[in-house]
Visitor: 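Structure incoming, see below.
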Amino acid sequence: MITDQLAQVLQTAMESARTHGDLPAGTDTAIPIRLETPPDKRFGDYSTNIALALKRSTGISDGRVIASVLCKHIPAQHDLLEKVEVAGPGFINLFLKPFWLHNALFTIEQEGVCYGRTSARKGERILLEFVSANPTGPISVVNGRAAALGDVLANLLAAQGCEVQREFYVNDALNSSQIEKFALTVQARYLQLMGHPLIMPDGRLEPGAPAAHECEPVEFPQNGYPGEYVTDIARAILQETKGRYYQILLQQAAGEEPQNPQDKQEQEAFFRSATLQHMVLAQRNALEAFGVTYQTWFYESSLYENGEVEKTIACLTDRGYTYPQEDALWLRSTEFGDSKDRVLVRSNEKATYIAADAAYHANKFERGFTSLIDILGADHHGYVARLKASVAALGLPVEQLNVILTQMVSLMRDGEAVIGGKRKGVVLELKEDLIDDIGRDAARFYFLLNSYETPATVDVELAKRQTNENPVFYVQYAHARLCNILRRAEEMQVAVPTAREASLNLLQHTREIDVLRKLTDYPGEITLAADRIAPHRLTRFAMDLAGLLNLFYENCRVLPSQEAPQPVELTQARLVLVNGARIVLANLLGLLGISAPERMERQENL
RNA sequence: GCCUUCGUAGCUCAGAGGAUAGAGCAACCGCCUUCUAAGCGGUUGGUCGCAGGUUCGAUUCCUGCCGGAGGCACCA
C-alpha cells in the first residue's frame, strides 16, 4: 500500500530529526503515523497530522514549526513524492508524482474482477445469521433492510478473504404457540375456501368461497393471523391434499371429537408441518427474488430433536450457572452482565427461547466458525445481554460473537405512518410491495443508502414514485456509458490497448486525475467498509465515482469525432482509463448485488 | 423509573478529534447538429438539539438537560 510507504518516509524523517537534534530527545517517535485523504485535493494526495500529534512530546506549541522540521528531513529527491507542504495549523501535505495514479490502471488490468479483493483476513470462518424472520409471515419490507445489509456484508467479508456462511434461523420450535396458532388460522382459511363463511373475532362474517351446497359458518381463531398470505397457503395445501382433511376439520370446528383420535393427531401434525413448509418456501422465494441466498436454513426444532437443547441446559447446570426456583430452572445470567436472571425451563417444563438460542450458538461454534455475526432488529437489544451471558456461561468465546442491531424501519405510505405489524395484517411484503414495483436493484440500493445505525423511514409510495430518481440509476448509467464508449470504439475498430502499451502519462486532465484517484481509493474503501461493518459506504462510493465519471465524460472526449480530432495515443490512454473504471464500477455493483447493465435505454418524459 | 439509541440543509441522510461540514432529492436558471440529457453547469439553502467539560483544536470524546424511537416476559 502506498500509505505504508509514505508512513515509512515520515517515520524516517522523524527519527532523523531527533538524531540530528532538530527535535528534542524526548520526541515520541513511536507515535502512530496516520495518513488520510485530505478534504480538498489542493491539500495534496495524502496528508498527516503527525506534527500536531507531536506537540505534546516535543513541547513545541507551534505545529507548523514541527511540520517544517519534519519536511526538512524528507529527502528532496524522492521516487514517489513530487512535493511536500506545511499547511494550516501544521498539517503535512504530500503530493505524489503523477505516475503512481497510473499504476492503478496496471493493477486493475491485472486483477480484473479481483481488483479490490484481498486475502488479508484469510483463515477467518464467519457465520453470518440474518433476517431469520418468524415463519408465520412473509418477508416484509422491514426485513429487506437486514437482508440487504447481511448479504452485502457477507460479500464484503468474503472480499477480505474470510470464509463466510449465510444462515437463516427458522424459529419453528414445537413448543412455540405461534406456529400452532398459525396452523389453526390456515385451517380456518382452508374451510373458507371449501365454502364456509368465517366468523371473525369482531363478529363480522366473511363469506366463504362459492360452493355447491350450503356451508355452516366456522370461527376464525382468536388472535389468528390476518393477511392474505395465509389464504394463499391454505389454497396451496388444499390443492395438494385435494380435500383430504376436510371432514375432520369440519368435525373439529363443530367441536365434535373424531372417532379416531389418531386421525386428529395426524391432521394437526400435517397442518403444522405443511404450513411451515409453505411459509418457509415463500420466505425463501422472496429472498431469492431479492438476490439473497443462504447456504443453510437452520431449524430451531432440530436442536430439540437432537437433544442439543437438553444438552446445553445440562451443561449450564454442570457449570453451576443454573438454579431452580418456583418450579422453573433459572440461568444465572447476572453473573455475566445481564440485568436479571432468566428462566431456562418454564414451570410447565418447556424450555424457553433463550435455552434454544444458547444451544444454537453452541452449535455454531461447534461447527468450527471462528466468529459469529448475528444481525438483529433494535427491538432485540434487551435480549443481547442475555444471549451473550448464556454463551459466556457455556464457556464459549463470547467476544467472537458480534451482534449487530439494526435500527428500526418505520413504514410510511404517502406520508402517513403505517402502524402495526404482521398481527394487524398490514404487513408490507418485500417482494409484492417493493421488489415487484421498483425492481431488485433499486430496492437493494435504497436499503444500503444509509447506515444501519440510523432509524430508517421507508415511504413505499415514494420509493415507487421516485424510481427514476433513485441514485442506483445514476450509477448504472455511468457504467452503461462506459460500456457504450467501449462498444463504439470496437465499431470504429479502435482497439483498447493494454496499460503497458498506452501512453498513460497523457492522462493529465483534472477530471482524469480525479477518476484515477478514486479508482486508487477503491481497495482501501472495501477494507474500511468491511472492517467497520459499513456496507452503505459502498453506495456512497458508487455515487461519488459515477459523478466523477460523468464529469470526465463531459470534459474529456474519448473517441475522436470529425469536429474534434485527437491523437490516437490520447484516445488509447483514455480507453484504458474507461475500461479500468468500468471494471471497478462493475466490481462495486457486484459487491452490492446490483446488476451492471451494459446498455440503458433513454427514457423520454421523465 | 431504568437501559439503549438517534437529533447535521426544506426532505432523506453521509461525515467523525483537525484545514472552508458534504451528498441525493426538492426548488430556481441555463446546456441535446454531442462517445446515450437516467447527464452537465449555476443559484438558493446550516448557530451540526441546548448547556457545560476535556483538548493546541470538538459537529465528532465526556457529563447534564430537552426532544424522538426502541427495550425492560416462565413471548419468540
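Here is the naming used below: chain letters follow the sequence lines, and residue numbers restart at 1 for every chain.
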Visitor: Say you pick atom C1' in B:rG17 and the same atom in B:rC28; how far apart are they, in whole Å?
Guide: 39 Å
Visitor: Could you tell me whether a side-chain N or O of A:Glu167 sits under 3.5 Å from a main-chain N or O of A:Ser132, the two making a donor and an acceptor?
Guide: no
Visitor: Determine which pairs satisfy side-chain hydrogen bond (donor to acceptor under 3.5 Å, both in side chains) with at least one residue from residues 528-537 of chain A, sequence neighbours left out, and list them in order.
Guide: A:Arg121-A:Asp531, A:Glu525-A:Arg537
Visitor: Just to be sure I understand: a Watson-Crick pair is purine N1 to pyrimidine N3 plus N6-O4 or O6-N4, both under 3.5 Å. Using that and G-U wobbles, which stems of three or more pairs involve RNA chain B?
Guide: B:1-7 with B:66-72, B:10-13 with B:22-25, B:27-31 with B:39-43, B:49-53 with B:61-65
Visitor: With respect to the side chain of A:Asn134, which nucleotide from B:rA38, B:rA76, B:rG24 is positioned closest?
Guide: B:rA76
Visitor: Which residues satisfy the side chain to side chain contact (heavy atoms under 4.5 Å, CB included) test with A:Glu310, sequence neighbours excluded?
Guide: none
Visitor: Whole Å only: how far is the CG atom of A:Leu52 from the P atom of B:rG57?
Guide: 12 Å
Visitor: So A:Cys556, base contact, sugar-phosphate only, or nothing? Heavy-atom distance under 4.0 Å.
Guide: base
Visitor: By nearest atom, which of the nucleotides B:rU55, B:rC35, B:rA38 is closest to the A:Arg56 side chain?
Guide: B:rU55
Visitor: By nearest atom, which of the nucleotides B:rC74, B:rC35, B:rA76 is closest to the A:Glu326 side chain?
Guide: B:rC74
Visitor: Counting the atoms with a prime plus P, OP1 and OP2 as sugar-phosphate, which does A:Arg537 contact under 4.0 Å by heavy atoms, base, sugar-phosphate, or nothing?
Guide: sugar-phosphate
Visitor: Whole Å only: how far is the CZ atom of A:Phe541 from the P atom of B:rG15?
Guide: 15 Å
Visitor: Roughly how far apart, to the nearest Å, are B:rA73 and B:rG10 at atom P?
Guide: 41 Å
Visitor: Relative to the ring of A:Tyr383, is the ring of A:Tyr353 parallel (under 30°), tilted (30 to 60°) or perpendicular (over 60°)?
Guide: tilted
Visitor: By nearest nucleotide on RNA chain B, pick out whichever of A:Asp327 and A:Arg34 is the more 5' one.
Guide: A:Arg34
Visitor: Let's test your reading of the model: under 3.5 Å, does the base of B:rC74 pair with the side chain of A:Thr352 as donor and acceptor?
Guide: no
Visitor: Mind checking if A:Arg488 touches a base, just sugar-phosphate, or nothing, with heavy atoms under 4.0 Å?
Guide: sugar-phosphate
Visitor: OP1 or OP2 of B:rC35 sitting under 4.0 Å from any side-chain N/O of A:Arg557?
Guide: yes
Visitor: Please give the distance between the C1' atoms of B:rA58 and B:rG18 as a whole number of Å.
Guide: 9 Å
Visitor: Around atom CD of A:Glu598, are there more than 12 heavy atoms of other residues, nucleotides or ligands at under 6.0 Å?
Guide: no
Visitor: Round to the nearest Å and state the distance from A:Tyr46 atom OH to B:rA19 atom C1'.
Guide: 19 Å
Visitor: Looking at every strand, decide which applies to A:Ala480 at a 4.0 Å heavy-atom threshold: base, sugar-phosphate, or nothing.
Guide: base
Visitor: Run the salt bridge (charged side-chain N to carboxylate O under 4.0 Å, His left out) test against A:Glu490 and tell me which residues pass, sequence neighbours left out.
Guide: none
Visitor: If you count every heavy atom of other residues, nucleotides or ligands that lies below 6.0 Å from A:Arg599 atom CZ, does the total exceed 12?
Guide: no
Visitor: How long is the line joining CZ of A:Arg42 and P of B:rU20, in whole Å?
Guide: 10 Å
Visitor: Using a cut-off of 4.0 Å on non-hydrogen atoms, how would the nucleic acid contact of A:Ser47 be classed: base, sugar-phosphate, or nothing?
Guide: base
Visitor: B:rC75 P sits how many Å from A:Arg342 CZ, rounded?
Guide: 13 Å
Visitor: Could you tell me whether the side-chain ring of A:Tyr477 sits stacked on the base of B:rG39, using a centroid cut-off under 5.5 Å and a plane angle under 30°?
Guide: no
Visitor: Can you list every pair that meets salt bridge (Lys or Arg N to Asp or Glu O under 4.0 Å) and has a residue in residues 560-570 of chain A, with sequence neighbours left out?
Guide: none
Visitor: Roughly how far apart, to the nearest Å, are B:rU12 and B:rG49 at atom P?
Guide: 15 Å
Visitor: Write down the distance separating the C1' atoms in B:rC50 and B:rG7, rounded off to the nearest Å.
Guide: 11 Å
Visitor: Establish, for the pair A:Arg481 and A:Tyr553, whether the NZ or CZ atom is under 6.0 angstrom from the six-membered ring centre and no further than 45 degrees off its axis.
Guide: yes
Visitor: Looking only at atom P, what distance separates B:rG70 and B:rA9, rounded to whole Å?
Guide: 22 Å
Visitor: Does anything in residues 42-69 of chain A form a salt bridge (Lys or Arg N to Asp or Glu O under 4.0 Å)? List the pairs, not counting sequence neighbours.
Guide: A:Asp40-A:Arg42, A:Asp45-A:Arg517
Visitor: Between atom CE in A:Met492 and atom P in B:rC35, what is the gap in whole Å?
Guide: 9 Å
Visitor: Whole-Å distance between B:rA38 C1' and A:Met543 CE?
Guide: 15 Å
Visitor: Tabulate atom names and distances for all N/O pairs under 3.5 angstrom spanning the protein and nucleotides 66-71 of chain B.
Guide:
unit_1 : atom_1 : unit_2   : atom_2 : d
B:rG70 : N2     : A:His381 : NE2    : 3.2

Visitor: Taking for each residue the nucleotide of RNA chain B with the nearest heavy atom, is it A:Ser451 or A:Asn49 whose nucleotide lies nearer the 5' end?
Guide: A:Ser451
Visitor: Partners of A:Gln566 by side chain to side chain contact (heavy atoms under 4.5 Å, CB included), sequence neighbours excluded?
Guide: A:Arg557, A:Pro560, A:Leu570, A:Thr571, A:Arg574
Visitor: If the condition is side chain to side chain contact (heavy atoms under 4.5 Å, CB included), which residues does A:Arg582 pass it with, not counting sequence neighbours?
Guide: A:His479, A:Leu482, A:Cys483, A:Leu486, A:Asn579
Visitor: From the set B:rA38, B:rA14, B:rA76, return the single nucleotide nearest to any side-chain atom of A:Asn171.
Guide: B:rA76
Visitor: Just checking A:Ser347: base, sugar-phosphate only, or nothing, at a heavy-atom cut-off of under 4.0 Å?
Guide: base
Visitor: Using only side-chain N and O atoms of A:Tyr446, determine if any of them is under 4.0 Å from OP1 or OP2 of B:rG24.
Guide: no
Visitor: A:Asn93 near the nucleic acid: base, sugar-phosphate alone, or nothing, with a heavy-atom cut-off under 4.0 Å?
Guide: base
Visitor: Checking contacts here: which listed nucleotide (B:rA19, B:rA76, B:rC74) is nearest the side-chain heavy atoms of A:Phe91?
Guide: B:rA19
Visitor: Could you list all the side-chain hydrogen bond (donor to acceptor under 3.5 Å, both in side chains) pairs where at least one residue sits in residues 326-343 of chain A, not counting sequence neighbours?
Guide: A:Tyr323-A:Asp341, A:Ser333-A:Asp338, A:Thr334-A:Asp341, A:Asp338-A:Arg342
Visitor: Name all residues meeting the side chain to side chain contact (heavy atoms under 4.5 Å, CB included) criterion together with A:Tyr522; count only those two or more places apart in sequence or in a different chain, and write none if there are none.
Guide: A:Tyr115, A:Ile526, A:Phe541, A:Val584, A:Asn587, A:Leu588, A:Leu591
Visitor: Output a table of nitrogen or oxygen pairs between the protein and nucleotides 40-44 of chain B separated by less than 3.5 Å.
Guide:
unit_1 : atom_1 : unit_2   : atom_2 : d
B:rC40 : OP1    : A:Tyr474 : OH     : 2.6
B:rC40 : OP1    : A:Asn550 : ND2    : 3.4

Visitor: Taking OH from A:Tyr452 and P from B:rA14, how many angstroms apart are they, rounded to a whole number?
Guide: 12 Å
Visitor: If we take the C1' atom in both B:rC61 and B:rC48, what is their distance in whole Å?
Guide: 15 Å
Visitor: For the P atoms, the ones on B:rU5 and on B:rU43, what distance do you get once it is rounded to whole angstrom?
Guide: 40 Å
Visitor: I'd like to know if the side chain of A:Thr58 pairs up with that of A:Thr27 as donor and acceptor (distance under 3.5 Å, no hydrogens or angles considered).
Guide: no
